[in-house]
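Remarks on the structure that follows.
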Amino acid sequence: MTEEQLTPRSENFSDWYNELVLKAELADYSPVRGCMVVRPYGWSLWENCQAGLDRRFKETGHSNAAFPLLIPKSFFEKEKEHVEGFSPELAVVTVGGGEELEEPLVVRPTSETITGYMYSKWVKSWRDLPILINQWGSVVRWELRTKLFLRTTEFYWQEGHTVHATEKEAREETLRMLDVYADFAINDAAIPVIKGIKSEAEKFAGAVMSTTIEAMMGDTKALQSGTSHFLGQNFSRAFDIQFSDRNNEQQYAWTTSWGLSTRMVGAIIMTHGDDKGLILPPRLAPIQVVIVPIYRSETEKSVVMETADRIFAELKGSGLRIKMDDREEVTPGFKYNDWEMRGVPLRMEIGPKDVEKNSVALARRDRPGREGKSFVLQANLVETVKTTLDDIQASLLAKATAFRDSHISEAKDLDELAKAVQNGWAYSWWCENRECEIKIKELTKATTRCMPIDQPAGSGNCVICGKPAQRKVLIGKSY
RNA sequence: CGGGGUGUAGCGCAGUUGGCAGCGCACCGCGUUUGGGACGCGGGGGUCGGCGGUUCAAGUCCGCCCACCCCGACCA
C-alpha cells in the first residue's frame, strides 16, 4: 500500500528512482549485499519483456537451452582478455559437500567459456553449423556499487551464444540480434535507442567488436540497454571449436554472444516515469487497464458492479490484461493514486452516472489530470480501449524520442563538448584514439557511448585533437 | 575500494544534561464513509543496525564491525 509522494525527479533523480522501485513493489533489497528480490509485479514486467524477446529469438531461428551455473575456474584463464576483464568480479566456490574442491568453481558471470567448451564437443563439420542457442538465466558479478535493476550482484538476463562457419555470417548475426534488441526496445518498451559500436576501451572483454543499444534516461544519462558482440575466433581458438569445411580443411569457427538483462526494467522506469510514479508502456504492462468501480450505497454497488463485471469480462475476453480493483477498504481517490504509482496505462472509472449514461470514464496515465480523462460510451469499448492503449504506446515513444533528441547536441571543440555534456549527450567527430577518449573522460566526466551505426556522410575533425576523423561518436554520462 | 552521510515500530521521523522509548502514517477490530490520497472510537506492534566498553543506570558517551544512500575509480 502506498500513500506518500515520491521525491520529485527534478530534486533528486536517484532518490526518486529508489523510492519508486520500492513503492511500486517492483523489487526489494535482499539480505545479501548487492542482490535484489524481484517482486511479483516487477517480475511480471520482466516476463513480458522475456515474451517479446523470446518470440523474436525464435523467429530468427534460435533455440533455448540451459548451461550450468558453475564453471571450472580454469576455463576463465583460457581467453586472455576475458580473464582480465572478469577476474575482479568473480564469485568462486571453493568448498562443496564440506570438502575443499580440487578445482574451484566460478559462479558464471557470463557463459562464453562453458558454451565454448561444449561447442567444441558438438562442432565437427560445417554441417553442424550454425549453432544458434539462447539461454535465460542469471549471472553473478561481484559489483562494488549496486542499484536495483541497473547493477546488482546477481542479475537476470538472456545470453545468446552462436557459432558460425564464416566471419561474414557471424558479423551478420551480431547485427541481426542488435536489430532484434532495438526493435524490442522501440516497439515494445517505447524506448528510443541508438544502435552503435562500442569503442575499443568500452567493448566486452574478449570481443572483437561490441555493439550496443544506448538509451537516454529521464536525467539525460545514458544506459547501455543491450549488447551484441562479434567474438571473432577468440573463443573458438581458446576452446578449440574447429570444424571440417566443405573442402575437408580444419577451420576455427566464428562466434557471437548477445545479452539483455533486467536492467531493461530500470530503463523503462527511468525513461517513462514521472513524479506520480511509474508509467508503463501498454505492450509490456502487467496490468493494461484497471477498473475502479464507484458507489455509495449497497443499491448503487449492485448496479455498478453488474456493469463493471460485464465490462471486465468483455475486455478480458478480448485478450486485454485487466484488473478489477474492488477493494472495499480504500476510497476511489486512493486507488487512482495507487495505480498511478504502479504505472497502469489506462484507468477506467465506472460509477452510477456512467451506468445511467451507458458510458465509462477513461484516464490515461501518460496525461496527468483532466487532460487525460475522457468519457466514452460502453458500446465498442474493446476497440476504444485498444485504440487508446496503442495511442499511449505511440505517445510514450514520441515523448521519449523528443526528449532525447532535444538533449543531444553537436560539439566541434572542447568548449562545445563540455556544454553539450552538461545538457545531455554530445555528438562529435572522433579520431578513435585512446588518448583522446581518456581526455574526454578527464575533462568532462562523460564517456564515449557508441559510434552510431547510422553515420552521416563524409568525415570531420576530432573534437579533441582536431585530426581527421572518419566516424562520429556519442558522448555522455552513463549508468 | 577511497571520501561524505544515515541507521530508533512496516514507512517517515522526534528523543533535551545519561534516568519509564515516543509522534504521524500504515496495520488489527467496530461503526459511519466512497466520482482525486475519508472519519470516529478502541487496539496490537521495539534486542533503539550488531558486538564490546565506561557507568548505579546507555537510544544518548567511547571503540570496533555491518548495512544502506550520495560522490568518485570498474561494469549488462
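Note that the coordinates shown come from a computational prediction; the quantities given were computed from them, not determined experimentally. No hydrogens, no waters, no symmetry mates; every other heavy atom, side chains included, goes into these values. Residue numbering restarts at 1 for every chain, and letters A, B, ... go by the order of the sequence lines.
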Query raised in the report: What nucleic acid atoms does A:Gly266 come within less than 4.0 Å of, heavy atoms only: base, sugar-phosphate, or nothing?
Result: nothing
**Report entry** Between A:Phe86 and A:Phe76, ring centroids under 6.0 Å
**Finding:** no
Query raised in the report: With sugar-phosphate meaning primed atoms plus P, OP1 and OP2, does A:Thr152 contact a base, only sugar-phosphate, or nothing at under 4.0 Å between heavy atoms?
Result: base
Requested in this report: Could you grab the distance from atom CZ of A:Arg364 to atom OG of A:Ser395, nearest 0.5 Å is fine?
Outcome: 4.5 Å
Query - Watson-Crick or G-U wobble mate for B:G31, both contacts under 3.5 Å - result: B:C39
Query raised in the report: Rounding to the closest angstrom, what is the interatomic distance between B:G2 and B:A21 at atom C1'?
Result: 37 Å
Query raised in the report: Is B:C68 paired to anything, Watson-Crick or G-U wobble with both distances less than 3.5 Å, and if yes, which nucleotide?
Result: B:G5
Requested in this report: Measure the distance from CG on A:Asp326 to C1' on B:U34 and round it to the nearest whole Å.
Outcome: 14 Å
Query raised in the report: Can you tell me if the side-chain N/O atoms of A:Lys441 get under 4.0 Å from OP1 or OP2 in B:C74?
Result: yes
Query - Touch class at under 4.0 angstrom, heavy-atom based, for A:Gly351 against every strand present - result: base
Report summary line: Checking N1-N3 plus N6-O4 or O6-N4 for Watson-Crick, or N1-O2 and O6-N3 for wobble, each under 3.5 Å, the partner of B:C25 is B:G10
Query - Atom-to-atom span, NZ of A:Lys23 to P of B:C25 - whole angstrom - result: 16 Å
Query raised in the report: Which value, rounded to the nearest 0.5 Å, describes the distance between A:Tyr181 atom OH and A:Ile186 atom CD1?
Result: 14.5 Å
Query raised in the report: Do the ring planes of A:Phe204 and A:His229 sit parallel (below 30°), tilted (30 to 60°) or perpendicular (above 60°)?
Result: parallel
Report task. Could you please name the partner base of B:G46, counting Watson-Crick and G-U wobble pairs only when both distances are under 3.5 Å? Result -> none
Query raised in the report: Which value, in whole Å, describes the distance between the C1' atoms of nucleotides B:U8 and B:C13?
Result: 9 Å
Query raised in the report: Taking atom P in both B:G36 and B:A73, what distance in whole Å separates the two?
Result: 49 Å
Query raised in the report: OH of A:Tyr17 versus C1' of B:C70: gap in Å, rounded?
Result: 16 Å
Query - Near-ring test A:Trp258/A:Phe57, centroid separation under 6.0 angstrom - result: yes
Requested in this report: Hey, which sits more toward the 5' end of RNA chain B by its nearest nucleotide, A:Ser30 or A:Glu89?
Outcome: A:Ser30
Requested in this report: For nucleotides B:G72 and B:A14, find the distance between their C1' atoms and express it as a whole number of Å.
Outcome: 34 Å
Report task. Please state whether the phosphate of B:A38, meaning OP1 or OP2, lies under 4.0 angstrom from any side-chain nitrogen or oxygen of A:Thr331. Result -> yes
Requested in this report: Using a heavy-atom cut-off of under 4.0 Å over every strand shown, decide if A:Tyr29 touches base, sugar-phosphate, or nothing.
Outcome: sugar-phosphate
Report summary line: note: A:Asp338, atom CG; B:U34, atom P; distance rounded to Å ~ 20 Å
Report task. Test for a donor-acceptor pair under 3.5 Å between the base of B:C75 and the side chain of A:Arg151, counting only N and O atoms. Result -> yes
Query - Whichever of A:Leu148 and A:Lys276 has its nearest RNA chain B nucleotide further upstream toward 5' - result: A:Lys276
Query raised in the report: What interatomic distance, in whole Å, is found between C1' of B:G59 and the corresponding atom of B:G15?
Result: 8 Å
Requested in this report: Give none if B:G63 has no partner; otherwise give the nucleotide forming a Watson-Crick or G-U wobble pair with it, both distances under 3.5 Å.
Outcome: B:C51
Query raised in the report: Using a cut-off of 4.0 Å on non-hydrogen atoms, how would the nucleic acid contact of A:Lys445 be classed: base, sugar-phosphate, or nothing?
Result: nothing
Report task. Scan every strand shown for a Watson-Crick or G-U wobble partner of B:G18, both distances under 3.5 Å, and answer none if you come up empty. Result -> none
Query raised in the report: Using the C1' atom in both, what is the distance from B:U17 to B:G63, to the nearest Å?
Result: 23 Å
Query raised in the report: Which is true for A:Asn18 with a 4.0 Å heavy-atom rule: it touches a base, it touches only sugar-phosphate, or it touches nothing?
Result: sugar-phosphate
Query raised in the report: Looking across every strand, which nucleic acid part, if any, lies under 4.0 Å from A:Leu150 by heavy atom: base, sugar-phosphate, or nothing?
Result: base
Query raised in the report: With rounding to whole Å, what would you report as the distance between B:A9 and B:C28 at their C1' atoms?
Result: 15 Å
**Report entry** Whether A:Phe75 and A:Phe239 hold their rings parallel, tilted or perpendicular, with breakpoints at 30° and 60°
**Finding:** perpendicular
Query - Distance between P atoms of B:G12 and B:G49 (Å, rounded) - result: 14 Å
**Report entry** Rounded distance (Å) that lies between atom P of B:C75 and atom CG of A:Leu144
**Finding:** 11 Å
Query raised in the report: Are A:Arg141 and A:Trp157 in a cation-pi contact, defined as NZ or CZ under 6.0 Å from the six-membered ring centre and within 45° of the axis?
Result: yes
Requested in this report: Scan A:Glu340 against the nucleic acid and name what it touches under 4.0 Å (heavy atoms): base, sugar-phosphate only, or nothing.
Outcome: base
